[in-house]
Trainee: 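I am attaching a structure below and will ask some questions about it afterwards.
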Amino acid sequence: MRQRHEFHVDSVCYLDDRGKPVEDLPPQAEDTERTLAAYRNMVLTRTFDAKTIALQRTGKCGTYPSVLGHEIIGTAIGQSLAKTDVFVPYYRDQAVHILRGATLPELLLYWGGDERGSAWKNCPQDLPIAVPIATQCCHAVGVASAFRIRGEARAVVCCVGDGGTSKGDFLESINLAGAWHLPVVFVVINNQWAISTPRSVQTGAETIAQKAISAGLPGHIVDGNDYFACIEALDNALERAHSGKGGAVIEAVTYRLGDHTTADDATRYRGAEDLKRAWERDGIKRLQNYLHDAGFWNPDKEKALQADCKRMVEEAVEVYLATEPEPPTAMLDYLFESLPKALAGQRERIQAKYRGGQS
């Protein structure tokens with residue numbers, strides 16, 4: 001006898017491109033203060049992003065990955081996580097870091113090449129930014145395993161790009177999460193590009209969320225430019241994880257509005273029309289329109305917010321640029337618990353040369 005197995009992955013969107021509700025909004029929309037706080041974080045993140053790109057262009061910061069197009073899903077993640085949860089990021093999660101308590105100078109230090117920017121003072125258990133593709137997924141299930149072994153009602157959220165879901169690290173991690181019933185939520189930010197490889201070439205799966213099915217996890221698709229769709233999905237997934245029901249995979253569909261990093265030129269592999277259409281679906285403008293139509297926002301509030309965000313970013317830049325750099329010996333001091341003998345002499349020579357240069 002043959003059995004037929006059918007699978008379904010839901011896809012959720014509440015606001016159209018102009019910010020008009022297309023169906024009844026979820027309960028999260030009733031919390032106006034939370035929604036306004038989300039909008040403010042999105043604007044702050046975008047302001048910070050523009051300034052950091054400018055710093056890189058003028059030689060005051062290292063290679064930097066723009067967060068344009070990711071502010072909505074990142075804000076939803078940051079708001080949904082409990083303080084006791086652990087966030088496992090990839091390299092385009094600035095909106096989450098800000099809500100988790102990472103300071104703007106810390107973020108600038110990291111992208112300026114100073115590892116002190118990885119030592120989050122306000123969220124010390126969150127993992128550092130991960131530039132290698134999908135390796136952080138393995139770390140996420142490790143942390144979630146510790147929570148389960150200890151019997152702690154805590155959860156992990158791990159971010160990964162659409163390209164990262166083709167790596168064995170991701171596939172093995174979701175398999176372990178399903179097999180061990182771990183409290184970990186994987187948020188796949190499908191921005192349509194794995195550097196220069198389009199989503200249509202990067203995987204043959206109709207959706208990325210359906211990859212969760214093979215691991216025994218629920219998979220969900222949300223419009224990554226729709227704040228209410230994102231916050232509902234994150235709230236529900238984390239409630240499920242906290243209550244011991246296991247993890248989930250959320251695919252947030254958006255578009256990378258900037259270059260892959262400041263070392264990239266996206267005009268070499270994508271057309272201007274595609275980018276123009278993506279900007280028309282901008283999630284920040286969509287939420288702003290919604291708030292304005294609902295009577296919660298106006299041009300005066302927008303002007304004040306823009307000025308406040310600019311001030312906060314400029315103050316952070318001043319702190320960053322005034323931070324005394326670490327000595328060159330720091331590149332060896334934090335690699336090992338005990339420095340190997342083979343490197344001890346090298347460190348002494350570096351230190352001697354540095355002291356000579358200081359005199």
Side-chain angles (χ1 to χ4, degrees), residues 73-91 93 95-103 106 110 115-160 164-165 167-189 209 211-220 230-250 252 334-338:
I73 182 61
T75 296
I77 293 169
Q79 286 190 325
S80 295
L81 279 162
K83 186 66 177 177
T84 54
D85 291 337
V86 168
F87 179 54
V88 180
Y90 79 143
Y91 47 81
D93 286 320
V96 191
H97 294 310
I98 293 171
L99 286 175
R100 293 292 286 168
T103 66
E106 284 176 332
Y110 176 84
E115 279 298 333
R116 287 175 294 181
S118 293
W120 320 115
K121 291 183 176 61
N122 297 323
C123 45
Q125 291 199 345
D126 285 358
L127 271 60
I129 295 169
V131 175
I133 305 301
T135 55
Q136 72 276 13
C137 299
C138 304
H139 306 151
V141 292
V143 175
S145 298
F147 292 164
R148 186 172 184 273
I149 291 168
R150 295 172 186 166
E152 298 174 347
R154 302 169 67 188
V156 180
V157 168
C158 175
C159 279
V160 64
T165 64
K167 293 289 296 294
D169 309 70
F170 171 78
L171 298 169
E172 293 165 17
S173 295
I174 63 171
N175 182 71
L176 188 63
W180 286 7
H181 213 58
L182 299 178
V184 54
V185 178
F186 296 92
V187 180
V188 179
I189 304 184
K211 297 184 179 185
I213 297 169
S214 65
L217 295 175
H220 309 282
C230 292
I231 195 69
E232 178 190 42
L234 264 297
D235 280 351
N236 291 344
L238 280 167
E239 181 182 3
R240 183 175 186 273
H242 287 143
S243 61
K245 296 178 181 178
V249 174
I250 297 171
Y334 308 109
L335 289 177
F336 305 93
E337 182 180 5
S338 299

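Treat the numbers as computed from the prediction; the structure is a model and nothing was measured. Basis for what follows: all heavy atoms, side chains included, without hydrogens, waters or symmetry-related copies.
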Trainee: Which value, rounded to the nearest 0.5 Å, describes the distance between His181 atom NE2 and Lys245 atom NZ?
Mentor: 9.5 Å
Trainee: Enter the distance from Lys211:NZ to Leu217:CG here, rounded to the nearest 0.5 Å.
Mentor: 14.0 Å
Trainee: Nearest 0.5 Å, please: how far is OG in Ser173 from CG in Leu182?
Mentor: 10.0 Å
Trainee: Taking distance alone, no hydrogens or angles, what donor-acceptor pairs closer than 3.5 Å link side-chain atoms of residues 130-140 to residues at least two apart or in another chain?
Mentor:
{"residue": "Gln136", "atom": "OE1", "partner": "Ala134", "partner atom": "N", "Å": "3.3"}
{"residue": "Gln136", "atom": "NE2", "partner": "Cys159", "partner atom": "O", "Å": "2.9"}

Trainee: Using the side-chain contact (heavy atoms from CB on, under 4.5 Å) rule, take Leu127 and Val86 through it: C-alpha gap first, then chi angles, then the decisive distance, then the call.
Mentor: CA-CA 8 Å; Leu127 271 60; Val86 168; 3.9 Å; yes
Trainee: Quick one: sort the Phe170 and Phe186 rings into parallel, tilted or perpendicular, breaks at 30° and 60°.
Mentor: perpendicular
Trainee: Quick one: OH on Tyr110 to CH2 on Trp120, what's the gap to the nearest 0.5 Å?
Mentor: 8.0 Å
Trainee: For residues 142-153, which side-chain donor-acceptor pairs fall under 3.5 Å, sequence neighbours excluded?
Mentor:
{"residue": "Ser145", "atom": "OG", "partner": "Val141", "partner atom": "O", "Å": "2.6"}
{"residue": "Arg148", "atom": "NE", "partner": "Trp180", "partner atom": "O", "Å": "3.0"}
{"residue": "Glu152", "atom": "OE1", "partner": "Arg154", "partner atom": "NH1", "Å": "3.2"}

Trainee: For the atom pair OG1 (Thr165) and CG (Leu171), what is the distance rounded to the nearest 0.5 Å?
Mentor: 7.0 Å
Trainee: Which atoms form the tightest heavy-atom contact between Gly101 and Asn122, and what is the distance?
Mentor: O-ND2, 2.8 Å
Trainee: Give the intermediate values and the outcome of side-chain hydrogen bond (donor to acceptor under 3.5 Å, both in side chains) for residues Asp85 and His242.
Mentor: CA-CA 9 Å; Asp85 291 337; His242 287 143; 2.9 Å; yes
Trainee: Val96 and Leu81: which non-hydrogen atoms are nearest, and at how many Å?
Mentor: CG1-CD1, 4.4 Å
Trainee: Can you check whether Gly246's main-chain N or O pairs, donor with acceptor, with Arg240's side chain at less than 3.5 Å?
Mentor: yes
Trainee: Measure across Ala119 and Glu106 and return the closest heavy-atom pair with its distance rounded to 0.1 Å.
Mentor: O-OE2, 3.4 Å
Trainee: Going through the checks in order, is the side-chain contact (heavy atoms from CB on, under 4.5 Å) test met by Ile77 and Ile73?
Mentor: CA-CA 6 Å; Ile77 293 169; Ile73 182 61; 4.2 Å; yes
Trainee: Over all heavy atoms of both residues, which pair between Asp235 and Ser80 is shortest? Give the atoms and the distance, please.
Mentor: OD1-OG, 2.8 Å
Trainee: How far apart are the closest heavy atoms of Ala76 and Ile231, and which atoms are they?
Mentor: O-CD1, 3.5 Å
Trainee: With no hydrogens and no angle check, is any side-chain donor or acceptor of Gln79 less than 3.5 Å from a backbone partner on Leu234?
Mentor: no
Trainee: Taking all non-hydrogen atoms of both residues, which atom of Leu238 and which atom of Val157 are closest, and how far apart?
Mentor: CD2-CG2, 3.8 Å
Trainee: State which residues pass salt bridge (charged side-chain N to carboxylate O under 4.0 Å, His left out) with Lys167; sequence neighbours excluded, sorted by chain then number.
Mentor: Asp169
